[in-house]
Amino acid sequence: MRILILLALLQFASCSSTSNKTVEAGPSKGSIDEFSWIENSDFNAVREVPFSPRADSFSGEIAKVDSLSKESLARVPEPKLEQFEQVEKTQDVLLVAISSCYRRQFDKGMKIFKDNLRKYKSHPGYWNLMGTCFYLQGKIRKALLSYNKSRDLKKNYAPPINNIGVIYQYQGLEQKALAAYKKASEVGNFSMTPMFNMGQLYLKYNLIDDAKNIYEKLVRRNNFDKDAVNGLATCYLKEGKANAAINLYAGLDTEFKKNPAVGINYSVALFSAGRQKDARTILANVDTSKLNNYESYYNQVLRKIGGTK
């Protein structure tokens, strides 16, 4: 707008006259300095990057971790970071941008998004990922605006619908969250993340049959999905099927078992199956620095099975 005003003023000045003598106005030094950063290339047309649904999934090593690693959708309660370990090798600027945000390098990530706005302004995936960057910064309003912009560009687009559900759940609006997850899973048949999020809500309210049905489907589609395996094992544990739960937990890697959400339940399953010593060993390896909301549950299990904190 400032450029247009300046041009209008210059045009007005060039048409004025004083004592029948034409006065031609040139740009002042101040105006030259103010707009010295503008280059002719800034007015060149930028070729936009076309959208392809395949851009919503990552390939190679990134895709092998779990459903979240493969899809550009957010899981609850928190996104994970390991899918971006290989990101330096990619030429995908959007993947580099969002991975920077997941690593909390927000200035770097947002700069990449802003630098590529003209290329991706009609790309729903761009707005979805930028919305997630805002969400990770706690800028919920801007996140919603970005997700809704993504939906404006592609109405039945699963990622922003799912991610709006994540925000609803964060806000405690769980019925709205469930509706969003259902909608996302219906319009995005490839998407497993909305199903996972539904399973988490069903587990929270002890709707075990509904949760188990979801996790069984997820594990059948991707048995590398550690979160889905943990969800299914939790369902078995709640049903009193300790050995079935143990069989699933045993196949998880050691580092994942240190996660309180996994290790505590694995310990309970072992104790229920009469394997007290193994239960104490697993519980002792839980990373207590990451207990957070699990602290009370951890202490309860610790008192039940014995051992030292």
Side-chain angles (χ1 to χ4, degrees), residues 65-71 73-80 156 158-159 161-252 256-257 259-275 279 282 293-294 296-298 300-301 304-305:
V65 181
D66 54 31
S67 299
L68 172 60
S69 302
K70 186 177 179 182
E71 299 173 359
L73 295 80
R75 278 193 179 183
V76 291
E78 62 183 19
K80 297 172 63 179
N156 288 327
I161 298 173
N162 172 84
N163 295 343
I164 288 171
V166 172
I167 289 180
Y168 282 146
Q169 189 164 347
Y170 169 79
Q171 295 173 329
L173 305 172
E174 293 180 328
Q175 286 186 325
K176 285 189 173 183
L178 184 60
Y181 299 148
K182 285 182 176 179
K183 178 68 173 177
S185 64
E186 289 167 1
V187 300
N189 293 328
F190 76 94
S191 299
M192 294 188 281
T193 301
M195 293 174 62
F196 175 87
N197 289 341
M198 279 194 288
Q200 291 289 83
L201 274 179
Y202 288 144
L203 264 183
K204 179 178 180 179
Y205 290 100
N206 285 313
L207 300 171
I208 305 305
D209 288 341
D210 292 321
K212 187 171 71 170
N213 181 51
I214 285 174
Y215 290 126
E216 285 176 341
K217 289 179 180 178
L218 293 177
V219 171
R220 281 198 297 269
R221 290 173 65 177
N222 180 7
N223 59 9
F224 289 101
D225 188 338
K226 296 179 288 187
D227 289 327
V229 170
N230 179 45
L232 182 57
T234 302
C235 290
Y236 287 148
L237 183 59
K238 285 179 173 286
E239 289 180 325
K241 300 175 182 177
N243 286 323
I246 290 169
N247 289 337
L248 289 175
Y249 284 128
L252 298 174
F256 196 64
K257 293 172 188 173
N259 183 330
V262 180
I264 300 174
N265 279 348
Y266 186 17
S267 176
V268 171
L270 289 166
F271 186 83
S272 299
R275 296 170 57 180
I282 292 296
N293 295 333
Y294 288 95
S296 176
Y297 181 38
Y298 173 85
Q300 180 184 348
V301 173
K304 180 178 181 180
I305 73 173

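Given the structure is predicted, the values throughout are model-derived calculations rather than measurements.
- Taking 4.5 Å as the limit, some side-chain heavy atom of Asp227 sits within range of a side-chain heavy atom of Phe256.
- For Ile282, the side chain to side chain contact (heavy atoms under 4.5 Å, CB included) partners two or more places apart in sequence, or in a different chain, are Tyr266, Ser267, Leu270.
- For the pair Lys257 (side chain) and Leu252 (backbone), a donor-acceptor distance under 3.5 Å is present.
- In this structure the side chain of Met198 reaches within 4.5 angstrom of the side chain of Ser185, judged on heavy atoms.
- The NZ atom of Lys238 sits 6.5 Å away from the CG atom of Leu203 when rounded to the nearest 0.5 Å.
- The closest donor-acceptor contact from the side chain of Tyr181 to the backbone of Gly165 lies under 3.5 Å.
- Side-chain contact check for Asn156 versus Lys183: some heavy-atom pair is nearer than 4.5 Å.
- Between Asn197 and Val166, some side-chain heavy-atom pair lies under the 4.5 Å cut-off.
- Heavy-atom contacts from other residues, nucleotides or ligands closer than 6.0 Å to OH of Tyr170 number 12 or fewer.
- Within the 4.5 Å cutoff, the side chain of Asn223 has no heavy atoms near those of the Val229 side chain.
- A heavy-atom distance below 4.5 Å is not found between the side chains of Leu178 and Tyr205.
- The distance from the CE atom of Met195 to the CG atom of Leu218 is 4.5 Å, given to the nearest 0.5 Å.
- With sequence neighbours excluded, the residues satisfying side chain to side chain contact (heavy atoms under 4.5 Å, CB included) with Ala233 are Ala245, Leu248, Tyr249.
- Scanning for side chain to side chain contact (heavy atoms under 4.5 Å, CB included) contacts around Asn293 gives an empty result, with sequence neighbours left out.
- By the side-chain hydrogen bond (donor to acceptor under 3.5 Å, both in side chains) test, Lys304 pairs with no residue at all, sequence neighbours left out.
- Listed by first then second residue, pairs satisfying salt bridge (charged side-chain N to carboxylate O under 4.0 Å, His left out) with a partner in residues 205-219 read Lys212-Glu239, not counting sequence neighbours.
- Interatomic distance, Glu186 CD to Ile161 CD1, rounded to the nearest 0.5 Å: 9.5 Å.
- In this structure, Tyr168 places its OH atom where only 12 or fewer heavy-atom neighbours from other residues, nucleotides or ligands lie under 6.0 Å away.
- For Ala273, the side chain to side chain contact (heavy atoms under 4.5 Å, CB included) criterion is met by Ala242, Asn243, Ile246, not counting sequence neighbours.
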**Report entry** Val262 vs Lys226, side-chain contact (heavy atoms from CB on, under 4.5 Å): CA-CA, chis, key distance, verdict
**Finding:** CA-CA 10 Å; Val262 180; Lys226 296 179 288 187; over 6 Å; no
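- Using a 4.5 Å heavy-atom threshold, the side chains of Tyr294 and Asn265 count as separate.
- At least one donor-acceptor pair under 3.5 Å links the side chain of Asn163 to the backbone N or O of Pro159.
- Put simply, CD on Gln200 and CD1 on Ile214 are 10.0 Å apart, with the number rounded to the nearest 0.5 Å.
- The salt bridge (charged side-chain N to carboxylate O under 4.0 Å, His left out) check on Lys204 picks up Glu174, with sequence neighbours excluded.
- Nearest heavy-atom pair across Leu201 and Ala177 is CD1-CB, 4.4 Å.
- Between Asn213 atom CG and Ile208 atom CD1 the span is 12.5 Å, to the nearest 0.5 Å.
- Two residues are said to be in side-chain contact when any heavy atoms from C-beta on lie closer than 4.5 Å; Cys235 and Tyr215 meet this criterion.
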